[in-house]
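If you read the sequence from its start, that first residue is 1, and numbering goes on from there. If you're wondering where the values come from, they're calculated on a predicted model, not measured in any experiment.
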Amino acid sequence: MKQALNFSWQYLPNFKESYLINWPETSESIDLPHSNALIPMHYFNEESYQFVSTYQKIFDVNTPLGDQKAYLHFGGFMVKARIYLNGIDLGEHVSTYLPVDIDITAAVKQKDNRLVVVLDAKEDKNIPPFGHVIDYLTYGGIYREVTLEVLATQHIKHLHVHGSADGELNISYEVENATLAPYSVSFELTYDGEYVDSFQEVNHKINEAKIWSIETPHLYALRANLTSDISSSSTVVSFGFRDAIFKPDGFYLNGKKLKLVGLNRHQAYAHVGYAMPKSMQEDDVLTLKKLLGVNVVRTSHYPQSEHFLNACDRLGLLVIQEIP
């Protein structure tokens, strides 16, 4: 079960220890994604958003917890945060451009949970991309969505699939609490909601695969089902069958040479910095693909929103994904 926690937060542009006990009535009501400071178009510098702020969210869990595991998934915040749930310190976590998952099973309850996030947006030379020279601004805030996930005690927490143009599938996955009980994993492949195949091996081949290209971005869905004596769960990932290869004379997609025409993309927007929701992330892909006519985008210089990346897959835009 996934439950969005993006609306009806409270925000203070500072932090005091007393906030952990008593929340001031002077706080601002905000939604996520959120920028810790609205920035003018011109004449500001990086110190404008480098400060410590505090977020609060009161929430109920919409499904019975039982003996399941509960996690908070932060899509992204800048730079690091100390997180408290119901008065329990869940530690300091670094995000910058990557998601953060926190096991809250021991702290969460069914009703009236109080989540407090103390967010430090100041540069830290020990955390990329800081430590040397960067030519862009990093902004601040909980700038991507937050989700509560309630999962079986034993579940697949990472699933990756690579599909080649000849229909070969190579699957890898990681199971949470893998040693808790013997388990089995099976797979089901669908295309556009229609059943294609079922199998159990991690290396598998299908016949007459629809190939992903920039003109025909065919996407399949792979569902992995885990079963054991103590739990059952499933997770889904989408992917395309394709071969992307660089050779000495250029780039080849599915065996055909393709001239790459593209742009660099920063995830910053006027005034709100990094804090843009799914709709605007997807709109950027439409601008790149349909309006500007490029076939590749480079995420300079860091991992970007999963909404942006997923839309690139759906619309047929190649991505060069970077890390700081």
### Query
Looking only at atom types and distance, does a side-chain atom of Gln110 sit under 3.5 Å from a main-chain N or O of Thr63, one as donor and one as acceptor?
yes
#### Entry: Ser27 side-chain N/O to Tyr11 backbone N/O, donor-acceptor pair under 3.5 Å
no
### Query
Would one find more than 12 heavy atoms of other residues, nucleotides or ligands at under 6.0 Å from atom NE2 of His266?
yes
### Query
Is any side-chain heavy atom of Leu72 closer than 4.5 Å to a side-chain heavy atom of Leu5?
yes
### Query
Name the one of Val202, Leu169, Asn170 that satisfies side chain to side chain contact (heavy atoms under 4.5 Å, CB included) with Val161?
Leu169
### Query
So, does Asn177 use its side chain to make a donor-acceptor pair with the main chain of Thr153 at under 3.5 Å?
yes
### Ring centers of Phe187, His204 separated by less than 6.0 Å
no
### Query
Taking Asn22 for the side chain and Ser18 for the main chain, is one N or O donor matched with an acceptor at less than 3.5 Å?
no
### Message
Closer than 3.5 angstrom, by distance alone: can the side chain of Ser305 be matched with the main-chain N or O of His307 as a donor-acceptor pair?
### Response
yes
### Query
What heavy-atom pair brings Lys69 and Thr105 nearest, and what distance separates the two atoms?
CA-OG1, 3.5 Å
#### Entry: Short side-chain to backbone donor-acceptor contact, Gln281 and Ala311, under 3.5 Å
no
### Query
Are Lys247 and Tyr252 side-chain neighbours, meaning at least one heavy-atom pair lies under 4.5 Å?
yes
### Query
What about Leu90 and Leu65, same hydrophobic cluster or not, with Ile/Leu/Val/Met/Phe/Trp/Tyr joined at side-chain heavy-atom distances under 4.5 Å?
yes
### Query
Within a strict 4.5 Å, meaning less than it, do heavy atoms of the Glu176 and Leu151 side chains meet?
no
## Note on the structure
Looking only at heavy atoms, the pair that brings Glu322 and Thr299 closest together is N-OG1, 3.0 Å
### Query
Run the side chain to side chain donor-acceptor pair (under 3.5 Å) check on Ser29 and Gln10 step by step: do they pass?
CA-CA 5 Å; Ser29 296; Gln10 299 295 314; 3.0 Å; yes
### Task
Determine whether His301 and Asp135 make a side-chain contact, defined as any pair of heavy atoms from C-beta on separated by less than 4.5 Å.
yes
### Query
Heavy-atom count around Asp229 CG within 6.0 Å, excluding the residue itself: above 12?
no
### Message
With clusters defined by side-chain heavy atoms of hydrophobic residues (ILVMFWY) lying less than 4.5 Å apart, directly or transitively, does Leu20 cluster with Val117?
### Response
no
### Query
Just wondering, are more than 12 heavy atoms of other shown residues or ligands nearer than 6.0 Å to CD in Glu47?
no
### Query
With ring centroids as reference points, do His93 and Phe74 lie under 6.0 angstrom apart?
no
### Query
Do Phe59 and Tyr84 share a hydrophobic cluster (ILVMFWY, side-chain heavy atoms under 4.5 Å, transitive)?
no
### Message
So which atom in Ile142 and which in Phe77 form the shortest heavy-atom distance, rounded to 0.1 Å?
### Response
CA-CB, 3.9 Å
### Query
Which residue, Trp212, Tyr220, Tyr191, forms the ring pair (Phe, Tyr, Trp, His ring centres under 6.0 Å) with Phe241?
Tyr220
## Note on the structure
Value for CG (Asp89) from CD1 (Ile83), rounded to nearest 0.5 Å, stands at 9.5 Å
### Query
Can you tell if the side chain of Ile230 reaches within under 4.5 Å of the side chain of Tyr183, non-hydrogen atoms only?
no
### Message
Cation-pi check for Phe15 against Arg82: NZ or CZ below 6.0 Å from the six-membered ring centre and within 45 degrees of the axis, yes or no?
### Response
no
### Query
Are any of the side-chain heavy atoms of Leu12 and Thr26 separated by less than 4.5 Å?
yes
### Query
Is a side-chain donor or acceptor of Glu46 paired with a backbone partner of Leu137 at a separation under 3.5 angstrom?
no
#### Entry: Carboxylate-amine/guanidinium contact Glu188 Arg223, below 4.0 Å
no
### Task
For the pair Asn295 (side chain) and Lys259 (backbone), establish whether a donor and an acceptor sit closer than 3.5 Å, ignoring hydrogens and angles.
yes
### Summary
Looking only at heavy atoms, the pair that brings Pro129 and Tyr97 closest together is CD-CE1, 3.7 Å
### Query
What are the two closest non-hydrogen atoms of Lys80 and Asp124, and how far apart are they?
NZ-OD2, 2.8 Å
### Summary
Taken to the nearest 0.5 Å, the spacing of Ile39 CD1 from Ser48 OG works out to 4.5 Å
### Message
Within the supplied structure, the quantity of interest is the number of heavy atoms (other residues, nucleotides, ligands) at a distance under 6.0 Å from Lys278 NZ; does it exceed 12?
### Response
no
### Task
Kindly indicate whether the side chain of Ser213, heavy atoms from C-beta on, has any atom under 4.5 Å from the side chain of Arg242.
no
### Summary
Separation between CD1 (Ile245) and NZ (Lys257), nearest 0.5 Å, reads 14.0 Å
### In one Ile/Leu/Val/Met/Phe/Trp/Tyr side-chain cluster, 4.5 Å: Tyr302, Phe130
yes
### Whether over 12 other heavy atoms sit under 6.0 Å from Lys122 NZ
yes
#### Entry: Matching residue for His34 among Tyr55, Trp9, Tyr49 - test: ring pair (Phe, Tyr, Trp, His ring centres under 6.0 Å)
Tyr55
### Query
Is there a path of hydrophobic side-chain contacts, each under 4.5 Å between heavy atoms of I, L, V, M, F, W or Y residues, that connects Phe308 with Leu318?
no
### Criterion side chain to side chain donor-acceptor pair (under 3.5 Å) against Thr227, the qualifying member of Ser232, Ser186, Ser184
Ser184
### Message
Counting C-beta onward and ignoring hydrogens, is there a side-chain heavy-atom pair between Val79 and Glu123 closer than 4.5 Å?
### Response
no
### Query
Which heavy atom in Met41 sits nearest to a heavy atom in Ala270, and how many Å separate them?
SD-CB, 3.4 Å
### Asn113 side chain vs Val108 backbone, donor-acceptor pair below 3.5 Å
no
### Task
Taking His158 for its side chain and Tyr173 for its backbone only, find out whether a donor-acceptor pair lies under 3.5 Å.
no
